[in-house]
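In what follows, a structure is listed as structure tokens, so that the remarks can point back to it.
Keep in mind that the numbers below use all heavy atoms, side chains included, and drop hydrogens, waters and symmetry copies. Counting begins at 1 with the first residue of the sequence.
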Amino acid sequence: MTTNPTGNPTWISDWRPEDEAFWNATGKTIARRNLIWSIVAEHIGFSVWLIWSIVTTKLPQAGFHYTTDQLFQLVAVPGLIGALMRFPYTFAVTTFGGRNWTIFSAAVLFIPTLSLAYFVSQPDTPFWLMLLVASTAGLGGGNFASSMTNISFFFPDRMKGSALGLNAAGGNIGVSSVQLLTPILMTLGVINLFQATPVDGIFLQNAGLMWVLPIAIAVFGAVFFMNNLTSAKSSVKNQLAIVKRKHTWIMAYLYIGTFGSFIGYSAAFPLLIKTQFPAMTISIAFLGPLVGSLARPFGGWLADKVGGSIITFWNFIAMAAATIGVLYFVGNKDFIGFLSMFLILFVTTGIGNGSTYRMIPSIFREENLFKVRGKGDAARALALKTASIESGAAVGFIGAIGAVGGYLIPSGFGKSIAMTGGPQLALAIYLAFYASCLGLTWWFYLRRGPQREGAPSLAEARV
């Protein structure tokens, strides 16, 4: 390992993960250390992003007079802002460096946590202002794009599926953490820094204050234990080339189906339980994002072994089946069946997250290698470097579009309940969407036909 010419030890200029000797000697240790602290920062980012999924269920009890549709909007808007934040976050890593951006992206999480802590103790806060406060939680959603882009540069191609799966799972499980811990800590006055009077024994402000110390730890870890890679430097213009690639948009659509479903259902699940099964406690809501998060690295591992497109195809079939199950049991008001089907649905979102993300670097690798076929080793090496830059940008860009599901799903449930009295209409629309994802996966990545001139056979490559 060498530093850059300025002598700054935080920058690594010699980075060759595909060179096995380099990887075994120094690369592996450095990559794992960066992965660990990336997971810590991303985990907290996801937790902050989804704070409002729990806080909204307690607002009526705390004296806030918002309608059910307004409560679902408070859950949904961080999803939309998080998705929008992912676009600049995607390109920030190659502009400022992975370590540098992790420090910044973790530090800004003090904004949503401290603002939440103050305003939830003010029951006369108008809805528009509370919506604005909730929107700042979207800063936590941006972390995923920069984190995944950064980690994609550290690992060799053969390990990207597992590495990205672990990084994503570590972040995704933050959703489960916030939904498990927040209801517990809201009953304790020990971190009630604003000294507000609890309503029915609930300290709502603790939902924000509980993350202050973890955020500080994440910033500390990024400062002292992470690195920037000079090989990951690239102009925004070069990265924006991915916008012209059709597979960027196809995979973004599929990713709405997998990750968009995960983050959207995670955000909506507690409030959905509260509105459809009022007698049930929302304390079990954390189980959904927990099983979804744990399934994600399994999906990446399966995709590494079998092929991402095959796993993604069958996974969409399973998602459709589970959605039909949810439709049936929510209509019959059978909570055990509803919970069981939703947990299966969460598992499939996790597996699909891992398999679709494994497809991205494989697709860009095959596309770039096809262009230089027969042109020699130098051209091949350049193609691999281009593929690494493009797939890193695509990972973040696709993640940004996929995150729109974090807004569409809770908002869809809110509108469906307001219009029809139940969530069935929204679920039927989501089911039709999964059917379209299934068709796209088969058409572009599994259909075997005559190879077109100028295009590689991605089905043969088992991307």
Side-chain angles (χ1 to χ4, degrees), residues 37-59 74-86 88-89 92 101-120 130-148 167-186 191 193 203-222 259 262-264 266-270 285-286 289-290 293 399-400 403 406-407 410:
W37 284 101
S38 175
I39 288 173
V40 170
E42 193 192 339
H43 178 94
I44 297 166
F46 264 91
S47 297
V48 171
W49 196 17
L50 270 293
I51 283 179
W52 287 87
S53 68
I54 291 296
V55 171
T56 52
T57 66
K58 303 295 184 183
L59 288 179
L74 288 173
V75 170
V77 74
L80 178 62
I81 300 303
L84 295 175
M85 285 293 99
R86 287 184 171 198
Y89 273 52
W101 192 254
T102 303
I103 294 169
F104 171 80
S105 61
V108 296
L109 297 180
F110 286 118
I111 297 171
T113 50
L114 294 178
S115 60
L116 180 150
Y118 176 75
F119 283 101
V120 295
M130 195 62 91
L131 194 65
L132 181 62
V133 172
S135 71
T136 64
L139 290 168
N143 287 20
F144 178 84
S146 54
S147 179
M148 294 294 274
N167 190 54
N172 291 173
I173 212 167
V175 180
S176 187
S177 295
V178 75
Q179 293 184 347
L180 171 64
L181 296 176
T182 306
I184 297 171
L185 293 179
M186 283 195 301
I191 55 174
L193 301 185
F203 291 88
L204 264 179
Q205 60 272 37
N206 287 359
L209 298 176
M210 63 189 277
W211 299 105
V212 171
L213 181 59
I215 291 169
I217 291 171
V219 172
F220 176 88
F259 178 76
F262 170 80
I263 200 66
S266 294
F269 199 37
F286 80 96
L290 176 64
S293 302
Y407 173 77

Identify the heavy atoms of [X] and [Y] that sit nearest to each other, and give their distance.
X      : Y      : answer
Ala106 : Val219 : CB-CG2, 3.8 Å
Phe119 : Met130 : O-CE, 3.6 Å
Ala168 : Phe144 : CB-CE1, 3.8 Å

* **All ring pair (Phe, Tyr, Trp, His ring centres under 6.0 Å) counterparts of Phe269, not counting sequence neighbours** =>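 Per chain and number, Phe269 pairs via ring pair (Phe, Tyr, Trp, His ring centres under 6.0 Å) with Phe342, Phe346.
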* Contacts of Trp37 that satisfy ring pair (Phe, Tyr, Trp, His ring centres under 6.0 Å) - sequence neighbours left out ->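 Listed in chain order: Phe225.
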Do [X] and [Y] have side-chain heavy atoms sitting under 4.5 Å apart?
X      : Y      : result
Val77  : Leu132 : no
Asn172 : Phe259 : yes
Tyr89  : Ser147 : no
Ile263 : Phe46  : yes

* Heavy atoms from other residues, nucleotides or ligands near OH of Tyr407 exceed 12 (cutoff 6.0 Å) ->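 Check fails, neighbour count at 12 or below.
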* To do: Output the distance between atom CD1 (Ile54) and atom OG (Ser47), rounded to the nearest 0.5 Å.
  =>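 Nearest 0.5 Å value for the CD1-OG distance: 11.5 Å.
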* Atom CE of Met85 and atom OG of Ser146: how far apart are they, to the nearest 0.5 Å? ->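 Answer rounded to 0.5 Å: 11.5 Å.
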* Asked: Is the backbone N or O of Ser266 less than 3.5 Å from a side-chain atom of Gln179, with the two atoms forming a donor-acceptor pair by type?
  ->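 Side chain of Gln179 to backbone of Ser266, a donor-acceptor pair under 3.5 Å: yes, one is there.
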* Test applied, side-chain contact (heavy atoms from CB on, under 4.5 Å); reference residue, Thr182; option that passes from Ile184, Leu185, Val178 ->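 The side-chain contact (heavy atoms from CB on, under 4.5 Å) with Thr182 is passed solely by Val178 among Ile184, Leu185, Val178.
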* Report the residue from Ile111, Leu109, Asn143, Leu116 that forms a side-chain contact (heavy atoms from CB on, under 4.5 Å) with Val48. =>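 So the option named by the test is Leu109.
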